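So the structure is just underneath, and the comments pick up after that.
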Amino acid sequence: MDALLLARIQFGFTISFHILFPALTIGLASYLAVLEGLWLRTGRKVYIDLYQFWIKVFAVAFGMGVVSGLVMAYQFGTNWSNFSRFAGGVTGPLLAYEVLTAFFLEAGFLGVMLFGRERVGPALHFVSTLAVAAGTLISATWILASNSWMQTPQGHEIIDGRVVPVDWLKVIFNPSFPYRLVHTVTAAYLATALMVGGVGAWHLLRGNDNTRVRTMLSMALWMLLAAAPLQAVIGDQHGLNTLEHQPAKLAAIEGHWERTPEGEGVPLILFGWPDMAAEVTRYAVEIPRAGSLLLAHSWDGQIPALKDFAPEDRPNSTIVFWTFRAMVGLGVLMIALAFWGLWLRRGGRLYARKNFLRFAVAMSPAGLVAILAGWYTTEIGRQPWIVYGLMRTADAVSPQHSTGQVGFTLGLFVVVYLVVFGAGTAYGLRLIAKGPAGDEADRPAWGGPGETRTPMRPLSAAPEDDDAGAANGRAETVKEGDRDGH
Amino acid sequence: MGIDLPLIWAVIILFGIMMYVVMDGFDLGIGILFPFLPAKEDRDVLMNTVAPVWDGNETWLVLGGAGLLAAFPLAYAVILSAFYLPLILMLIGLVFRGVAFEFRFKARAGRRRWWDHAFIGGSVTAAFFQGVTLGAFLNGMPVADGNYAGGPFDWVSPFSLFTGVALVAAYALLGATWLVMKTEGRLQVRMRSLARPLAWLMLAVIVAISIWTPLAHEAIARRWFSFPNLLWFAPVPTLVALVTWRLLRDLRGDGHASPFVLTLALLFLGYTGLGISLWPNVVPPGITIWQAAGPPQSLGFALVGALLIIPVILMYTAWSYWVFRGKVRHGDGYH
């Protein structure tokens with residue numbers, strides 16, 4: 001174990017935790033804005049009930065995103081000081097713009113969004129929700145511009161051993177940026193839709209059937225239906241972009257070692273085990289010519305092979321081969337879920353078909369898993385470069401840190417993150433289990449195809465010792481305060 | 001072009017750090033004061049005075065980091081390497097206290113105490129290591145070939161440990177006077193009585209640091225006691241004495257907002273003294289802002305955004321504080 005490897009593990013570990021929360025907050029913030037907008041337009045109570053429910057989950061996710069993001073902002077300097085010095089001229093201003101245009105916007109309006117409903121009018125509150133939602137998207141834009149520049153750098157010169165930006169428009173709108181941005185934001189929407197839909201399905205399975213739960217599931221499935229097939233197209237385009245600009249990454253994803261002779265077409269390896277030492281993909285299950293078809297969109301198009309690159313310039317194919325397939329596999333399942341849902345809508349079977357609901361519950365974390373898998377594919381796939389073709393990861397690490405120091409902080413992060421984010425996930429799940437509250441009158445939506453269901457104890461009525469106690473405590477305090485004459 | 005970009009950026013970063021110290025100072029102070037108020041209802045009120053704004057306050061720290069990376073990548077690389085351990089401990093402190101805002105309201109009764117402790121521990125840890133970093137920064141750091149050339153524990157010194165404690169005291173006073181402004185009744189009385197000894201402590205700390213700094217740092221002493229700098233510095237101790245006197249008086253009286261404002265003034269005076277001592281070094285003792293600056297293309301590009309957007313940020317931040325003006329009562333909050 002050397003400090004470089006530990007620093008890489010530390011970065012991978014902290015960013016794996018971090019990335020999940022922005023993904024959820026991007027999706028949830030937009031969802032909340034839609035809900036509040038619908039409520040303001042239609043006046044239907046179900047929308048504001050859902051808003052009040054999901055904003056609590058949003059607050060937990062947001063809090064965890066902020067604190068884990070804070071760690072990221074400093075980690076570039078603590079563990080990767082050579083990178084910061086080399087590329088800070090590009091990544092620094094982009095990060096600064098993210099803070100100025102996104103972080104402050106989110107933080108400034110979050111308070112009003114969470115606590116201000118009684119203090120500002122409905123229009124201003126809606127503006128706050130929109131500002132927070134816009135902030136999450138702006139944040140994604142800058143950070144992906146920065147990440148994409150590291151993947152496909154352009155618009156700079158290297159002077160005295162450091163990057164000097166020459167054309168900022170070229171830096172920001174680098175070749176992979178548009179694809180990466182759209183792919184990532186869509187992924188965030190998908191992950192959120194799957195979670196929201198899964199929660200709705202879970203409540204339906206528990207017999208907690210009401211308008212709110214049904215609306216939740218229905219909205220999520222419409223989102224899924226729009227976004228999941230679209231994501232497949234975007235992903236395909238992103239793949240073509242990778243083929244053009246990061247051929248080694250693509251070859252590693254495909255597990256493609258040898259150039260095929262002209263005119264023969266590249267097979268698509270569905271499954272297999274890329275062996276980096278033996279330079280071959282073992283146990284390969286192939287579809288002839290499908291690789292050419294998929295990647296060159298032609299019958300016999302060529303794609304680069306791993307052996308075109310020197311061994312020290314090859315990314316680890318064993319890993320990215322599988323992370324990529326995990327992502328695509330989950331994507332296919334998402335599309336299946338979306339169309340099954342569409343099919344079931346005829347005759348209102350959507351809320352009653354148990355197998356479908358179970359599938360939706362099982363798929364609720366799939367978006368987040370796919371995001372991680374996709375992230376690993378793109379980040380491990382660009383190795384050994386930290387800035388593609390310009391700086392190797394091995395040269396980016398802070399030279400002065402010992403194994404002990406990086407190992408110590410890594411251990412610290414592991415313990416702290418497991419405690420903090422473990423607890424946060426538990427609180428999030430508990431909120432979700434409680435379900436959206438609303439008037440007893442509009443609940444439950446008995447009848448319909450779900451009729452045979454035995455009425456079950458609604459979850460919202462489950463004894464909540466702590467919360468009931470807390471509410472009582474608060475009520476008493478208020479009374480006490482009144483007695484004191486405030 | 002005659003525009004001195006590194007200079008402007010140094011001012012922006014100094015302003016950002018000052019905003020951070022001022023704003024996150026009082027909400028960190030609340031965590032430091034938590035042990036003095038064991039009742040759950042009181043703690044809920046304390047949390048709710050800052051719950052809508054703490055996140056924005058902390059963003060100034062991120063701006064400080066991002067601004068440093070954007071404008072002075074060399075300083076960013078050296079400083080963050082030199083203060084690796086205290087900064088990571090500070091971040092972990094901020095992680096715990098940050099999530100405590102949401103978690104303690106959602107935890108079961110038995111578990112809530114755990115998050116109270118996380119909030120206290122996180123706030124004290126973050127404040128202490130910020131102070132330690134500040135002291136160690138004043139001490140300076142060895143640099144060779146643009147890399148930090150010291151050991152992992154060079155930041156430990158009696159002076160830096162003292163500045164660590166000093167900052168905890170300063171944040172506690174800020175927190176107490178903030179709460180004098182934001183609470184009423186029994187809680188406010190309690191805060192007044194807490195703020196008085198804290199104000200004396202703060203004065204003692206300022207005096208100690210003012211004596212210790214020039215004694216320990218020859219270069220700073222030379223700067224302080226040379227002519228005409230001496231004339232510029234002469235009003236500072238006078239102002240400190242005056243402000244502390246007013247602060248103690250207002251704490252005995254019935255001022256609501258004035259103790260907080262006066263504490264801010266004290267902090268500002270201390271911060272100015274610090275800035276003057278170090279100027280124009282960004283990596284003491286020897287690297288100036290001009291030597292550490294990134295390419296002008298980077299500074300210029302980021303500057304356009306900073307100058308256009310920071311005023312807007314200040315406006316909506318002020319609006320958000322305005323929305324949540326007034327006293328916080330028991331039972332307020334969205335949870």
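Keep in mind the model is a prediction, meaning the values are calculated, not measured. Here is how names work: the chains are called A, B, and so on, in the same order as the sequence lines, proteins then strands, and each is numbered from 1.
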Quick one: which of [options] has the most heavy-atom pairs under 4.5 Å with chain B, could you say?
{"options": "Ser128(A), Gly89(A), Gly63(A), Gly108(A)", "result": "Gly89(A)"}
{"options": "Val99(A), Leu100(A), Asn79(A)", "result": "Leu100(A)"}
{"options": "Ala423(A), Ala426(A), Ser398(A)", "result": "Ala423(A)"}

Proximal component of [X], with respect to chain B [non-hydrogen, under 4.5 Å]:
{"X": "Val164(A)", "result": "both"}
{"X": "Phe86(A)", "result": "neither"}
{"X": "Val66(A)", "result": "side chain"}
{"X": "Val415(A)", "result": "neither"}
{"X": "Leu110(A)", "result": "side chain"}
{"X": "Phe103(A)", "result": "both"}
{"X": "Val171(A)", "result": "neither"}
{"X": "Leu105(A)", "result": "both"}

Contact class of [X] relative to chain A, heavy atoms under 4.5 angstrom:
{"X": "Thr317(B)", "answer": "neither"}
{"X": "Arg111(B)", "answer": "side chain"}
{"X": "Trp114(B)", "answer": "side chain"}
{"X": "Leu94(B)", "answer": "both"}

**Study point:** Neighbour count >12 (heavy atoms, 6.0 Å) for atom CZ, Arg117(A)
**Key:**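 Counting other residues, nucleotides and ligands, CZ of Arg117(A) exceeds 12 neighbours.
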Exercise for review: Count the heavy atoms of every other residue, nucleotide or ligand shown that sit under 6.0 Å from OH of Tyr321(B), and state whether that count exceeds 12.
Suggested key: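 Yes.
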Point to revise | Salt bridge present between Lys40(B) and Asp44(B) (N-O < 4.0 angstrom) | key: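 A salt bridge is present here (some side-chain N lies under 4.0 Å from a carboxylate O).
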For the residue pair [X] and [Y], is the inter-centroid distance of their aromatic rings smaller than 6.0 Å?
{"X": "Trp319(B)", "Y": "Phe109(A)", "value": "yes"}
{"X": "Trp155(B)", "Y": "Phe137(B)", "value": "no"}
{"X": "Phe21(A)", "Y": "Phe421(A)", "value": "yes"}
{"X": "Tyr97(A)", "Y": "Trp142(A)", "value": "yes"}
{"X": "Phe17(A)", "Y": "Phe13(A)", "value": "yes"}

